[in-house]
Structures are given as structure tokens and as C-alpha cells.
Amino acid sequence: IGGALGLLFYLGITIATSMYILGAVEAIQSTASSIGIDHVFIYDTQVASLSLMFIIACVVSVGMKYVNMTSNLFLFMVFLSIFSMCMGCILFAQGEFMGGLNPWDRLAYDNIWPRYQPDPVTGITPTFFS
């Protein structure tokens, strides 16, 4: 029974890791396009994900010594993203930074309930399941 659970755990971690890497590449590409350097990423998302996965696999294959050396870099990036998110929330709440949001986006209950409208071309009103 232990082997079956281990195999399921291995498959789950493998699929989760590939989804994490795909999400990381999409975040990098959207950030690059928002600051105007989208010409750097001329390749497809899957190709960039494979290259990032290859780089991570190379770091892991050379040994735990190098994994531990790169962990501080990744921990710094996590703390930097959390700090940036908190600063953005604080500055937006104080009205110092508007970002890409409008003043009426501050209303918390404005976006809770759907407001489905008919499609202008087909006239069909979408639902949650369509």
C-alpha cells in the first residue's frame, strides 16, 4: 500500500510542479508585456516553461548544496512579492496610488453578484454554466 501511495504522491507533485512553472512563466510574460519588453519573449509559453523546468532540473541534479544556495534567492523573491502586494494595498487604500483601477473599484460589494447582459451579436444571455 505504501508503494501505491508513493506513486500517487509522486504523480501529484509532478503535475503540480509543471503547473507552478507554467504559471510562473505566464506571470513573467505578462509582467514583461506590461512594462514594454514583450519582444524578449518571442517563444511560446510552453517552450519557455520547458526551458525554466530544465534550468530548475539542472540545479536540483547537481546536488542539494546548490539547491540550498539558491533557496535564499527564491525566499527573497517571495518576500519581495509579499511586500509589494502589501504596499500596493496600503497605497491604494490611502488614495496615493490608483494603479489600473478606477475609484469605484473600491466598493467591496460591487463585484459580488453577476450582471449578465445579452450578447449584442447573438442576443443570448449567458449564464454561469455557459
List for me each residue that meets side-chain contact (heavy atoms from CB on, under 4.5 Å) alongside [X], sequence neighbours excluded, and say none if there are none.
X      : result
Thr122 : Asp119, Ile124
Ser71  : none
Ser81  : none

Rounded at 0.5 Å granularity, tell me how far [atom1] in [X] sits from [atom2] in [Y].
X     : Y     : atom1 : atom2 : result
Leu75 : Phe79 : CG    : CZ    : 4.5 Å
Ser49 : Ile28 : OG    : CD1   : 9.0 Å
Met85 : Ile90 : CE    : CD1   : 10.0 Å
Thr70 : Ile56 : OG1   : CD1   : 9.0 Å
Ile15 : Tyr10 : CD1   : OH    : 10.5 Å
Leu22 : Met53 : CG    : CE    : 8.5 Å

Gln29 and Thr45: side chain donor to acceptor below 3.5 Å: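 Looking only at side-chain atoms, Thr45 and Gln29 do form a donor-acceptor pair, the distance falling under 3.5 Å.
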
Shortest non-hydrogen contact from Gly123 to Pro118?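 Looking at all heavy atoms of both residues, the closest pair is O-CB, 4.0 Å.
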
Looking at every heavy atom in both Ser30 and Ala27, which two are closest together, and how far apart are they?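 Minimum heavy-atom contact is OG-O, 3.1 Å.
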
